[in-house]
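A short write-up of the structure that comes next.
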Protein chains: 2
Amino acid sequence: MLTIHEVAELAGVSKSTVSRVLNNNGYVNEETRRRIEKIIQEHQYKPSAAAVSLSKQIGSTIGVVIPEIDNSFFGEVLKGINEVADQNGFSIIYCDTQNNGDKELKALSALEQQRVRGVIITPAMGYGDRESVDKLKNALAKLDVPVVIVDRDFDYSQWDTIYFQNYESGYIATESMIKAGNTKIGIIQGDMQLKIARERFRGYQDAMAANGLEIPEQYVLKGDFTIDTAYALTKSMIDSKELPEGMVTCNNRTSIGFIKAMIESGITIGSDIAVVGIDNVPMLDVLGFPFSCVSRDTIEMGRMSMKLLMERMNKPDVQRSIWVAPCRLELNGSEKTNR
Amino acid sequence: MLTIHEVAELAGVSKSTVSRVLNNNGYVNEETRRRIEKIIQEHQYKPSAAAVSLSKQIGSTIGVVIPEIDNSFFGEVLKGINEVADQNGFSIIYCDTQNNGDKELKALSALEQQRVRGVIITPAMGYGDRESVDKLKNALAKLDVPVVIVDRDFDYSQWDTIYFQNYESGYIATESMIKAGNTKIGIIQGDMQLKIARERFRGYQDAMAANGLEIPEQYVLKGDFTIDTAYALTKSMIDSKELPEGMVTCNNRTSIGFIKAMIESGITIGSDIAVVGIDNVPMLDVLGFPFSCVSRDTIEMGRMSMKLLMERMNKPDVQRSIWVAPCRLELNGSEKTNR
DNA sequence: TTGTACGCGTTATCAC
DNA sequence: GTGATAACGCGTACAA
């Protein structure tokens, strides 16, 4: 791997001149420019990113911190981020936190060492207690670079944020089942320590109230956004022999756990019981399985988060901006019952 | 963000001394060491990765090049890579090629600029023609760092490779349906320009032959590893009114397309027709949908690829090593028919 | 046990 | 138009 100095020697000029053609600034004779460009071409010379960022005092990598890449939601977000980053010459340093707060802090520390230009992060779960939240906030603040929070907002945050119409999605999901003729509607909550879970639940509550319906307390199940918990809760609801007419499931994992339990028990969704989930579950519509949901364009969320980050890098001082991704009701039959 | 020099000033020593405690080499007085460590602690000082790698002439990042991160297979591989990389202080620069050869070459060029320490790559598809393959090979060779090829091998490759028991998986999938009593067994091939597709097909052929069965040519469908093609092929097979007893589907996408078509047409898998896929399809067993397959431990494949890469970094000159991930037959009922 | 001086590959500020 | 030269933040012989 040759250096700018060697390129200069080959061209019979000094490295300053090579640097000029490289960065396309300053005057340089048309002929010598061509000579240098030819050599660069032939040897496929590429300036060392490390040296450039050291000299320029500014890098070209960003950090992306994600809790679980094997969740298709985050896979799609990452895809969107990658698309825009690519177009703009940024490299992505990827960190998986496995939903673990400690790993998250370590990841941020690593990104700090890498002197990334900005960070896109979906905070790990379990930031219920004030102390953990503060640790994360401090770590982010200490980075001293633009940060975009994706999907999971926390209160009193200072950073650009991109999230979903959480309240609305809870409301719409509930409402769609009411319109389909159901009245006894329950919900499997998400982790209520997270704001997104509380917002979705509030949407559910308001939709019920707006339609003059009572909330059946025994069908308000305390989930945590995982498959296993949703499965267990649904199972024991089934065991109690008394089912609601419909249920709202608060994210894709929850929907999966719920559906699994129902199928196992031979209860037909869209007939014996209705369900409308928040988040799409890609495999289901591929299989033609009836599943209505409130979905969002995740890839676009990824693209948008990278765009936000870049805007912030350009204008560090403008007010915090929040982008709320619209939700979209997709009815596929599971919002109904035949009872 | 302070520099080593400032840390040194605060401690009243020279930067060499700070460097010594940082890297834990050379003698340094116990007391001054403590003093320096305290300051490092207090200010959360972290050496700049760029400066370190420039000075040491060796970096601590690796590149991971993946064709489609929203395919759960690659999500899991990345998870495994991340796990091991994390434990060993490597940062991951992530590149998505979207199965596009040009983007792949650009990604490699970016990684070259980043002076990554090594590359783990699953080549994009479509490398059928000799020319494209050579371009990729040249790009990899020019990187001049350790490379590990994951999942998609090509002939006459010189790099460490991790792949799947492709031949065996085709054989076992076919055999399991024969054992279940089926004789007229077809297959939806993968992209036959890829070695993995050819190997899997060869396994199918041999299993049929070993059991004295003829290959029903009309049920050898020319797929390409995508959902859409598999779906279309299956549809037109259904339209022809004559179904085989069983089908082998050559990867997860193919299985999905096949299943979708079958469900749409009201044909019950595991009863009207048998199928055994190569690759697991996570959502299916969660839903309790009968689907037998030959699966592999993808996360482990990820871990292993990172381990191979590290070994190669330590011993550049030992012979090329190939790790073949074992396959595992998982029978869930879809290998049978009731006809 | 510690400090000085140089080099890593690049950009940028000056002179020329 | 071009070329020295000094940074950038760090590691490391070598000298003290």
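Values below: all heavy atoms of this structure, side chains included; hydrogens, waters and symmetry mates excluded. Below, chain A is the first sequence line, B the second, and so on; all start at residue 1.
- Here Lys106(B) does not pair with Asp102(B) in a salt bridge; the nearest charged N to carboxylate O distance is not below 4.0 Å.
- Asn24(B) has its CG atom 13 Å from the P atom of dG11(D), to the nearest Å.
- Scanning all heavy atoms of the two residues, the minimum distance from Gln113(A) to Pro47(B) falls at CG-O, 3.2 Å.
- OP1 and OP2 of dT2(D) both lie 4.0 Å or more from every side-chain N or O belonging to Thr17(A).
- Partner of Tyr163(B) under the side-chain contact (heavy atoms from CB on, under 4.5 Å) criterion, chosen from Ile322(B), Ile196(B), Val150(B), Thr122(B): Ile322(B).
- Residue contacts for Thr32(A): at a heavy-atom cut-off of 4.0 Å it reaches the sugar-phosphate backbone alone, with no base atom in range.
- Going from atom CG of Asn314(B) over to atom CZ of Arg312(B) covers 10.5 Å, rounded to the nearest 0.5 Å.
- Regarding Tyr27(B), its OH atom lies at a distance of 17 Å from the P atom of dG3(C), rounded to whole Å.
- Taking atom CG of Leu54(A) as the reference point, atom C1' of dC10(D) lies 8 Å away to the nearest angstrom.
- Gln57(A) has its CD atom 12 Å from the C1' atom of dC10(D), to the nearest Å.
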Side chains of residues 73-86 of chain A: which donor-acceptor partners sit under 3.5 Å, not counting sequence neighbours?
residue, atom, partner, partner atom, Å
Glu76(A), OE1, Thr298(A), OG1, 2.2
Lys79(A), NZ, Asp70(B), OD1, 3.4
Glu83(A), OE2, Arg303(A), NE, 2.9

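- We find that Asp151(B) and Arg296(B) are joined by a salt bridge, their nearest charged nitrogen and carboxylate oxygen being less than 4.0 Å apart.
- The nearest whole Å value for the distance from the CD1 atom in Ile58(A) to the C1' atom in dG9(D) is 16 Å.
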Listing time: all N or O pairs from protein to nucleotides 10-12 of chain C that are below 3.5 Å?
residue, atom, partner, partner atom, Å
dT10(C), OP1, Tyr45(A), OH, 2.5
dT10(C), OP1, Ser48(A), N, 2.9
dT10(C), OP2, Ile4(A), N, 2.4
dT10(C), OP2, Tyr45(A), OH, 3.2
dT10(C), O5', Tyr45(A), OH, 3.4
dT10(C), O2, Ser55(A), OG, 2.9
dT10(C), O4, Lys15(A), NZ, 3.0
dT11(C), OP1, Asn23(A), OD1, 3.3
dT11(C), OP1, Asn23(A), ND2, 3.1
dT11(C), OP2, Ser19(A), OG, 3.0
dT11(C), O4', Ser55(A), OG, 2.5

